[in-house]
Structures are given as structure tokens and as C-alpha cells.
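All heavy atoms count here, side chains included; hydrogens, waters and symmetry mates do not. The sequence lines fix the lettering, A, B, ..., with proteins before strands; numbering per chain opens at 1.
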Amino acid sequence: MKKVLLLFVLLTFVLSGIAFAGPYEVVDVKGGGSITGVVKAAAKVADPVVKIETTKPEEHQLCGMTAPSGMYEISAGMGVKNVLVYIEEVPKGKALPKMDYKLTNLKCQFTPLVGIAYSGSNFVVTNSDPVFHNTSIGLMVGGKRSTVYNLALPGKDQVITKPVRRTGLNSVKCDAHPWMRAWIYAAKNPYATITDADGKYEIKDLLPGTYKVTFFHEGFGDVTKDVTVAAGKPATLDHTFSKK
Amino acid sequence: MQSRFYASLLLISALILLAFVSYAGLRELNPEWKTYQKEYKRLFFNNAVTPDMKKKAAEYTVGIRQIYIKDLNRVDRCDNCHVGVENPLMAKEKVPYRQHSGTYLKDHPVTKFGCTICHLGQGNATNKKEAHAEGHDTYWDYPILPLKHIQSSCTQCHNMDFLSKHGADVIIEGEKLFNEKGCKGCHKLSGNGGVLGKALDGVGSQPIHYFPMRYVEGERTQPSWLKQHFEDPRKVVPESVMKVKLTPEEADKLTTYILSIRTYDPPKIYRRINEEPIVAKDGHALYNMYCVACHEDGKLSAFDENLKGTIPAIENPAFLMNADDRFIEMVVKEGRKGTPMTSWQLSSAGLTDEEIKKIVSYVALQRGHESSKPVSVNLKTGDKDAGKEIFNVRCALCHGEKGQGGLGLNLANQIIKKADDQYLFKTIRDGRATTPMPPFGSTGLGLTDQQIVNVISYIKAF
Amino acid sequence: MIVNKKPSLQCISYILIMVFSLLIFSIAAAEEGALKAPQDDGKNAVSVDVKKDVQDAGNNEAQLTLGKKLFGERCVVCHGASGNGKGPAGVIKVMEKSGRVLEIHPRDLTSGTFKFRTVSTGCLPLDEDLLRTITDGILKSFMPDAKVLKLDERKALVAYVKTFSPRFTAEEPCKQIAAKMPKWVGSKDSIVKGEALYKKMKCPDCHGNDGSGNGPKSNDIVDDWGNKILPFNFRTGNLKRGSTPDNVYLTFTTGLDGSGMPSYEDSLKDEERWNLVSFTLKLMNKAEYLK
């Protein structure tokens with residue numbers, strides 16, 4: 001009797017783990033559809049300049065007095081670069097890539113400024129500066145920040161690897177240098193990308209269905225739009241941001 | 001053999017003794033001041049232009065001298081080294097040959113005043129170390145006064161009005177700092193002031209051993225102690241609860257002022273005083289003098305780690321709305337027992353009723369026009385035991401189980417017993433905006449009016 | 001979690017789970033009276049757990065009701081009824097001996113971010129971490145201790161506090177970090193090494209050369225909620241979580257999530273962190289904790 005009970009318990013735990021914690025299910029996608037589009041700005045916005053405000057002379061020597069923020073990179077055709085485009089909830093689709101997210105502290109800036117990390121892979125954070133940096137990755141939940149990792153990188157060439165655990169949009173900051181910032185979308189499915197210099201993007205291999213696509217840009221804000229994808233065909237979804 | 005050994009030992013001892021005695025004798029023949037006086041004579045002669053002056057220089061005799069001033073009961077021998085103080089020909093020479101700076105000696109001739117009445121130090125001494133007496137290793141009580149604090153000596157004979165018209169800027173600013181930083185909030189002087197700190201009467205005449213010098217950096221003298229204490233009170237007195245911190249410049253000025261608070265009064269014939277019209281201080285000035293050190297601008301309600309309690313924000317509109325002048329006056333007069341708040345009435349901290357009234361009206365200037373609606377509170381219906389139960393869960397976290405205070409104010413004192421029921425009721429019901437005291441009434445944390453009355457009955461019984 | 005399988009299988013597994021669970025619960029409930037608690041039998045331990053789980057399921061609601069009541073009486077005043085840290089008491093200001101004013105914002109319990117943990121940065125605090133904070137309170141911040149409450153009551157508070165953040169249901173607990181103090185902590189050699197590390201790790205950037213919390217970065221720091229915060233002053237110092245060597249070690253290791261203090265778990269070896277403990281205990285004048 002007790003052995004049976006034990007078996008049941010084990011089964012319950014294993015199965016419930018699979019069934020309840022798995023909102024994304026990996027299947028073979030053959031002949032899936034895709035979403036393409038262009039993200040544009042309604043008007044040109046001047047790229048703000050970041051002031052390097054520090055009382056330590058060696059930091060000025062390394063990082064200068066000012067730096068371009070790279071926030072608004074708008075092409076001649078008004079395409080906006082570095083817009084995160086992602087579908088937060090996808091019930092099933094292709095497998096996630098196994099790809100570590102490399103984030104570097106270089107000359108008191110984070111490189112890259114925006115990017116996508118995948119659940120199941122790692123953050124690899126590097127300090128290439130001979131000054132103290134701490135990399136604080138924080139998940140944005142309902143407009144509030146919640147620390148995911150706060151890592152000390154006091155020395156040059158220090159590397160710390162941490163698994164991508166909580167998914168969603170992350171803001172990255174360095175407490176020692178308040179001007180430093182970066183954005184990472186930690187994705188639980190592979191359907192996320194960033195726009196290129198012309199504001200173009202493509203999300204491939206989606207099963208047919210209706211999806212909610214989110215566009216996020218640190219300056220313009222975010223917007224979520226519905227799009228229906230048919231098998232084997234590209235659906236088009238454009239967006240034009242205007243400055244609030 | 002042995003006798004030869006002792007004989008040579010005796011010889012060597014005799015030679016050592018001879019050498020020692022001759023050295024001592026030579027040193028006595030050639031004291032520090034003699035060197036200075038010889039050099040002075042040479043410089044005097046060189047600088048003299050007219051034959052008349054040359055003659056005077058040649059006539060100068062090297063020898064010990066002193067100035068005796070009967071009225072001041074002083075003997076000063078400073079001019080044995082500072083030989084040229086009255087000689088205009090020495091204006092460009094180095095100290096100690098140099099002439100005294102400024103025109104001070106014109107009004108204060110050396111023969112009438114001497115030196116130490118202003119410069120302090122040991123006038124009787126005939127060498128620099130003993131005369132200047134800087135630091136503990138000289139074992140003298142009063143070292144020479146550093147020149148940057150020299151104005152502290154002027155107040156012996158002159159009042160502030162006179163000094164302000166004669167360029168004594170340092171001590172004037174020092175006095176201003178003394179009045180505006182609220183020193184008298186804790187220190188008594190001339191019969192009024194708080195009691196948390198030491199009284200300051202005569203502090204400028206206190207000998208070195210009055211000041212604990214253990215943590216003082218640099219010269220261990222009264223001015224160093226005072227300055228370092230003003231820059232960082234806990235540096236020289238680790239257990240100090242003094243809140244005020246000054247910049248080095250301010251600290252220097254205040255040191256000058258504090259050093260002027262002396263016990264010695266020169267005879268009347270020495271004093272030169274302007275008829276100073278006595279201006280009564282207004283409420284603002286009195287607030288600065290007595291209240292500002294703790295309450296600052298009265299707007300910040302913060303727990304103070306020095307005083308280990310919250311200093312109430314007395315300019316908080318939420319407080320002024322409920323507290324009438326009569327209540328504030330009572331608190332100022334009686335103080336709050338068990339807290340650093342001193343009783344300010346004449347018999348304790350020495351303020352007159354009129355002065356207290358002025359302070360209260362100054363504090364009340366911030367009161368808005370809005371007044372809270374009166375409520376009817378009947379304490380007779382209060383149930384102390386029920387109040388205790390609520391107090392222990394809701395209030396004790398901040399006010400302490402016995403009302404002794406913590407983050408919240410001390411409730412176990414006579415002020416709470418005497419306080420108006422309405423005032424207490426409204427404070428508990430509505431809380432105190434911008435402080436951690438939350439509204440406990442039905443719009444806040446949900447106590448009923450009756451429960452609040454119960455709590456009041458309980459705290460009134462502390 | 002991601003799994004390769006056919007969709008129909010998932011439906012079946014759902015149904016199976018329901019059936020299994022019902023079965024177990026009914027069996028366990030039936031045997032409840034008959035089961036004795038075996039002490040040392042490994043196999044039986046599991047069935048005892050089942051029994052406990054079942055009891056917990058029944059007690060859970062009662063526990064949360066108790067927790068809610070206690071929270072309403074004691075915690076709401078600062079943490080707010082919704083647990084967002086914006087209770088009626090508001091921000092508490094403390095003027096330190098040095099004259100600087102600290103603004104203490106009560107913890108926003110809805111974000112699931114906690115400073116005092118025994119787990120790595122980013123991890124949820126364990127129940128015992130929360131229990132410790134509730135029991136001992138937090139020094140200097142006026143979070144009072146709750147020693148007047150019984151253990152069950154404090155546990156009920158822990159359970160209730162955990163309901164404010166969805167993280168507690170969504171995430172697995174992390175492995176606890178054990179603070180095993182080596183014997184040499186506090187030795188002269190260790191203090192010297194620690195002092196060198198203090199400089200090498202750039203601690204003075206925030207905490208100042210003498211540890212008084214006035215480093216060149218000390219005015220730039222904001223927490224997760226955008227509130228300005230100041231670095232710890234070792235000179236006047238009692239560490240908020242307590243100044244025992246274990247607590248100092250855990251602060252370096254886990255970081256203080258939500259604040260500017262990062263985790264040194266990956267940047268320093270265990271031994272180095274203990275050296276840093278030796279030095280900072282000296283800075284805090286807390287060497288007596290080593291005896």
C-alpha cells in the first residue's frame with residue numbers, strides 16, 4: 001500500500017511540474033508563418049548626450065566628459081534602430097536557441113545597449129574597464145524594478161556567468177555610474193528580435209494563430225499590437241512611434 | 001693596581017663634572033634673549049639712517065629687562081626677545097626683531113598694557129618655550145594666544161558695538177555664529193541657556209587641563225580643542241551629543257568668540273566702551289539662539305542618533321493646527337521630562353516669560369488659517385485597560401511599552417497629562433502628516449473614537 | 001519548463017494528475033488516524049510528509065487568516081494594507097551621528113525583492129530568512145522585533161507576507177548558503193589581507209577610505225524603487241541585519257538585492273570574503289563578536 005502511495009506521490013510531483021510550469025511547449029514547426037515590419041518615428045528626435053558625472057578623475061580619463069546616448073538612432077527613412085520586438089505569450093513553437101548573452105562594461109557604457117537573452121542560456125557579464133562596475137539586472141514588473149542579479153565586477157577582465165532565470169523586460173544599471181544603462185528582454189520563447197538600422201525586423205517560424213506583439217523602445221515607450229499569422233505567409237506589422 | 005683604577009675613575013668623574021659645570025655656566029652667560037638682543041643691536045645700527053639714530057643704536061645696552069604694570073598686576077619680560085616692537089626702524093625685519101604690526105601700540109602703549117594682557121602666555125618666562133607654553137609638555141596652564149584668535153582679548157575692555165566700529169570682524173562674526181547656531185540651546189552663559197552641555201562662563205580662561213586633549217590633533221591647546229570640537233564634536237569628545245558642525249573657517253571664528261569668554265576683568269580705567277543701545281531680541285533671534293541647534297528649521301521630523309529620540313518638527317502645519325499657543329508655551333516653559341527638551345522658564349534655563357512668549361509667537365507664524373473642528377471628548381468614558389491592550393499592539397512599537405519614547409515621542413511626562421484632550425484625540429485620530437505618526441482614526445488604521453478615548457485614558461495614567 | 005511532446009498527451013496527463021491527486025488525498029485522509037509517526041524508517045518518512053502536506057493544506061487557510069490579522073495589527077502601519085511599503089507612517093528619517101539624514105522606506109513586499117537572505121543574488125528569500133527578519137526586526141530601521149509573538153504566529157506572518165508577490169508561487173527556492181566561519185577570522189594577517197581587498201574591490205568608491213560611507217559615489221545611488229539611498233557607515237555601525245561575522249559574510253556573498261550593494265559571490269573566493277569580514281569587523285569596532 002505504502003509503495004503504491006509513494007509511486008503516486010512521485011508521479012504527481014513529476015507530472016505537475018511539467019504540466020503547470022510549462023507555458024511554452026516546443027514542437028516541430030514546418031511551414032510556419034512569419035511577421036515582418038518596420039518601426040518608424042513620426043519625427044526626428046535628437047539623440048541626447050550623456051554627461052559623465054563623476055568625481056573620480058581616472059574615470060573621466062577613461063570615459064571622457066560626455067558620450068552619445070545612442071537612444072534615438074533614426075535612419076533617413078525614419079526607421080528606428082534598437083526597438084525590442086517580442087511576443088510575450090506563445091503557447092508553442094520552435095526550440096529556443098542555446099546562446100549566452102554577452103554584456104560588456106566598456107568605457108563606462110554597457111555594450112550592447114539592447115538585446116535578447118534566452119531562457120535556459122546564461123548572462124555572461126564582463127568588465128573591460130579598470131574601474132569598479134556593478135551590473136544590476138532588474139526585471140520591470142508593472143513599471144517597478146525588481147533586482148534579478150546585482151553583481152560586483154571590481155576589476156578589469158572580470159567575467160561572471162549567471163543563468164537567465166526570470167523572463168521579461170530587464171533594465172540594467174550600474175550603481176556606481178548612474179548614467180550607464182542597457183535593456184535586455186529575457187525571452188521564454190524564441191520569438192523576439194530587435195530592429196536593424198532601418199527599423200526593420202522579422203520574426204520567423206510561427207505557428208498560425210493570433211499573437212500579441214510588443215514593441216519597446218527606451219525613449220518612445222512600449223506598445224502592444226495584435227497580428228494574425230497564416231501558415232507559410234509573412235504577415236506585416238508596422239508601427240510608428242511618436243514622442244510623448 | 002686597584003688604587004690606580006680608582007684614581008683614574010676619580011679623574012674622569014672630575015673632568016665630566018668640570019665639563020658639565022662649564023657648559024651650564026656658559027649657557028647662563030649666553031641665554032636665548034642675549035643672542036636676539038645682540039642681533040637687534042646690529043640690525044638697529046644698520047637700519048639707522050640719521051647720525052642721531054646711529055647714536056641711539058650704539059647706546060643700546062644688552063641686558064635683561066621687564067615691564068611691570070601695577071594696575072594689572074603683571075610682569076612681562078617678552079621684550080627681552082621681541083626687542084623691536086616699538087622701533088619703527090624694525091618694521092621690515094623678521095620676528096622677533098620686528099616692530100608690532102598696526103597702530104595698536106599707539107592706543108595700547110607697552111608701558112601701560114604690557115603684552116600678555118592681549119597675547120596671553122607666560123609673561124614671567126625668559127625663554128621662548130616657557131613663554132609661549134604651547135602644549136602639555138611645558139606644564140603651563142595658559143599658552144600664548146594664536147594670532148588668528150587675538151581679537152578674543154579685545155572684549156576685556158571693549159564691547160561689541162565698539163569693536164564692530166573698529167574692524168574687529170572675526171569676533172563679531174564669531175558672536176553671530178554663537179547666536180545663530182543655537183549654542184545656548186544646550187550651554188548656559190550668564191545665567192541663561194540649556195543644560196545639556198557644560199556652562200560656558202569663563203571658558204576662555206580655563207587652563208589646559210580643563211579640556212580632555214587625548215583626541216586632539218596637532219598642538220594640544222585650548223584653541224585647537226575648541227576648533228576641532230566645532231568641526232566635529234565627537235572627534236575630541238566621543239560621547240558628545242552636540243549636533244552642530246561648522247566649516248573650518250566658521251570654527252575659527254567661533255573659537256575666537258568662545259576664547260573671549262573670560263573671568264578676568266581689567267580695572268575700570270582700562271575699559272573703553274561705546275554706549276550700546278540695548279535692543280531686545282525678537283522671536284526669530286531668540287529661536288536661533290535657543291532652539292535652532294536641535295529643531296533646526298522645525299520642518300524635519302527625524303530620529304536623531306545622538307539624542308536617541310525623534311526631535312519633533314515644531315513648524316509642522318499638522319502640529320500647529322492642533323496645538324494652540326497656550327500648549328506650546330506650556331511645553332517651552334516646563335520642558336519634557338525624560339527627553340532632552342529643557343524647561344526654559346526663568347528658574348531653570350533662565351528665559352523670561354516675555355521671551356518665551358516671543359518664541360512661541362515666532363513658532364506660531366507658520367500656523368495656517370485653517371483650524372480643525374472641535375470634537376467632544378469625554379475621558380470619563382475611557383477604559384484604561386482596553387486602552388492598554390490597544391496601546392501595546394499599536395503604539396508601543398514606536399512610543400515604548402511604558403511610553404518612554406523611541407521613534408515616537410516620550411509620552412510618559414507631565415505635558416501629556418496636562419495636554420488638552422482634544423489635542424491628543426485629534427493627534428491620534430488624524431496622525432501627524434509628514435512624520436511617521438499615522439492617522440489611527442476611522443479614515444486611517446481604523447480605531448473607533450471610543451478606542452482612541454481608551455488609549456488617551458491609558459497614556460494619561462503613565 | 002519546456003518539453004517535447006504531443007499536445008494530446010498533455011490533456012491526458014492533466015486528467016491523470018487530477019485523478020491521482022484525488023486518490024492520494026482520500027487514501028491519506030483515511031489513514032490519517034491509523035498512521036503513526038515513524039522516527040527512523042526512511043521509507044515511511046515520505047508518507048509522513050504526505051500526511052503533513054495534507055494537514056498543511058487544511059491549515060493553510062487558517063494560517064493565512066491569522067497572518068492577515070497580525071499583519072493588519074502590526075505591519076500595515078508601515079508596509080500598507082496592500083504590502084506596497086506605502087503605509088500611513090510613510091518614510092522614516094534618521095539623522096546619523098555624522099549629521100547625514102537617512103530616509104528609510106518600508107519594504108515594498110509586492111516586488112518580492114528582499115535584502116536579507118541566505119541565498120544568492122536574485123533568489124527569493126527562504127522562509128527562514130523572512131522568519132528571522134520578522135523575529136529579530138531590523139536594527140536602525142525601526143522594524144521592530146516580534147519576539148512577543150509565538151512561533152506559529154510569526155510563521156503565519158511569513159506565509160501571509162509571501163502572498164504579496166507572485167514570485168513565491170512561480171519560482172523554485174534556491175540553495176541556502178551556509179556561513180561557516182574559519183577559525184582565523186579576525187587574526188592580524190586576515191585583517192591586513194582584508195584591508196587590501198577592501199581597496200582592491202573598490203569598496204571605498206561608495207563606503208569611503210575610512211569606511212564612513214562618504215565615498216565619491218555615495219551620492220549617486222538609488223534603489224530599485226528610485227529612492228536615493230546612502231552607503232553603510234562602518235564607523236557608526238551596526239549592520240541592519242546584525243553585525244555578527246555570519247551576517248557580514250552573507251552581506252558580501254548575497255548582496256543586498258534592491259539596493260546598490262552587489263553580490264561578491266562570483267568576484268571573491270570564499271576565503272577572501274572572510275578576510276574582508278575580518279577587516280570590516282575591525283572598522284565597525286565589533287571584534288568582540290569573534291570571541
Side-chain angles (χ1 to χ4, degrees), chain B residues 231-235 237-246 293-296 299-313 318 389-401 406-408 428-441 443-447, chain C residues 66 68-82 85-106 134 136-150 153 157 208 210 212-214 230 232-233 235-238 240 285:
Chain B
E231 284 174 7
D232 182 0
R234 273 155 293 285
K235 190 183 152 195
V237 187
E239 68 275 16
S240 167
V241 297
M242 190 155 122
K243 279 168 68 77
V244 180
K245 281 184 164 189
L246 302 182
C294 288
H295 291 285
E296 300 190 3
K299 296 197 169 79
L300 175 74
S301 168
F303 181 87
D304 189 282
E305 289 197 336
N306 282 316
L307 297 171
K308 299 195 174 54
T310 293
I311 297 172
E389 218 163 276
I390 299 166
F391 185 90
N392 282 345
V393 175
R394 299 297 187 98
C395 318
L397 291 180
C398 291
H399 290 287
E401 202 121 302
L407 177 61
I428 297 172
R429 187 189 63 185
D430 305 333
R432 187 75 35 87
T434 75
T435 81
M437 174 73 184
F440 280 97
T443 54
L445 290 160
L447 292 189
Chain C
L66 176 63
K68 188 173 183 181
K69 175 181 163 271
L70 292 167
F71 190 87
E73 282 174 359
R74 292 172 178 269
C75 317
V76 161
V77 63
C78 291
H79 294 283
S82 63
K86 294 198 165 48
V91 181
I92 292 167
K93 298 191 182 88
V94 173
M95 187 180 278
E96 283 195 325
K97 286 191 175 182
S98 59
R100 66 176 194 173
V101 179
L102 301 178
E103 291 195 349
I104 296 166
H105 296 260
I134 288 174
D136 297 344
I138 301 173
L139 275 169
K140 279 178 87 166
S141 75
F142 298 100
M143 160 92 181
D145 67 62
K147 287 175 183 141
V148 290
L149 296 183
K150 291 189 209 90
E153 293 176 312
L157 270 174
D210 62 349
S212 55
N214 58 356
L230 290 166
F232 176 62
N233 177 350
R235 291 281 164 173
T236 58
N238 285 313
K240 275 191 187 164
N285 214 357

Please classify the contact of [X] with chain C as side chain, backbone, both or neither, using a heavy-atom distance under 4.5 Å.
X	value
B:L307	neither
B:S301	backbone
B:T435	backbone
B:L445	side chain

message = Would you say that more than 12 heavy atoms from the other residues, nucleotides or ligands in this model lie under 6.0 Å from the NZ of B:K245, or not?
response =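 Yes, NZ of B:K245 has more than 12 neighbouring heavy atoms, counting only those of other groups under 6.0 Å.
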request  = Would you indicate whether C:N285, at its atom CG, is surrounded by more than 12 heavy atoms from other residues, nucleotides or ligands within a distance under 6.0 Å?
outcome  =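 For C:N285, atom CG is not crowded (no more than 12 foreign heavy atoms under 6.0 Å).
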inquiry  = Please report the interatomic distance CD(B:E296) to CE(C:M95), rounded to the nearest 0.5 Å.
reply    =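 Spacing of CD (B:E296) from CE (C:M95) equals 4.5 Å.
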query = At what distance, to the nearest 0.5 angstrom, does CZ of B:F303 lie from CD1 of C:I104?
reply =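 Reported to 0.5 Å precision, the distance equals 9.5 Å.
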Could you pull out every donor-acceptor pair under 3.5 Å between side chains of residues 389-398 of chain B and any protein atom, sequence neighbours left out?
none

request  = Start with the C-alpha gap between C:K97 and B:D304, add the side-chain angles, then the distance that decides, and say whether side-chain contact (heavy atoms from CB on, under 4.5 Å) holds.
outcome  = CA-CA 8 Å; C:K97 286 191 175 182; B:D304 189 282; over 6 Å; no
message = Could you work out, with salt bridge (Lys or Arg N to Asp or Glu O under 4.0 Å) as the rule, every residue matching B:K235, not counting sequence neighbours?
response =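 Listed in chain order: B:E217.
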message = I need the minimum non-hydrogen distance between B:E305 and C:E96, along with the two atoms involved.
response =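 Looking at all heavy atoms of both residues, the closest pair is OE1-CA, 3.6 Å.
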query = B:A302 and C:V94: which non-hydrogen atoms are nearest, and at how many Å?
reply =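 Shortest heavy-atom separation between B:A302 and C:V94 comes out as CB-N, 4.4 Å.
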request  = Determine which residues belonging to residues 138-148 of chain C lie within contact range of chain B, meaning some heavy atom pair is under 4.5 Å apart, and list them by number or answer 'none'.
outcome  =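 From residues 138-148 of chain C, the residues near chain B are C:K140, C:F142, C:P144.
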Side chain, backbone, both or neither of C:V101 within contact of chain B (heavy atoms, under 4.5 Å) =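 Contact with chain B: side chain only.
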Non-neighbouring partners of B:P439 that pass side-chain contact (heavy atoms from CB on, under 4.5 Å), sequence neighbours left out =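 Listed in chain order: C:P88.
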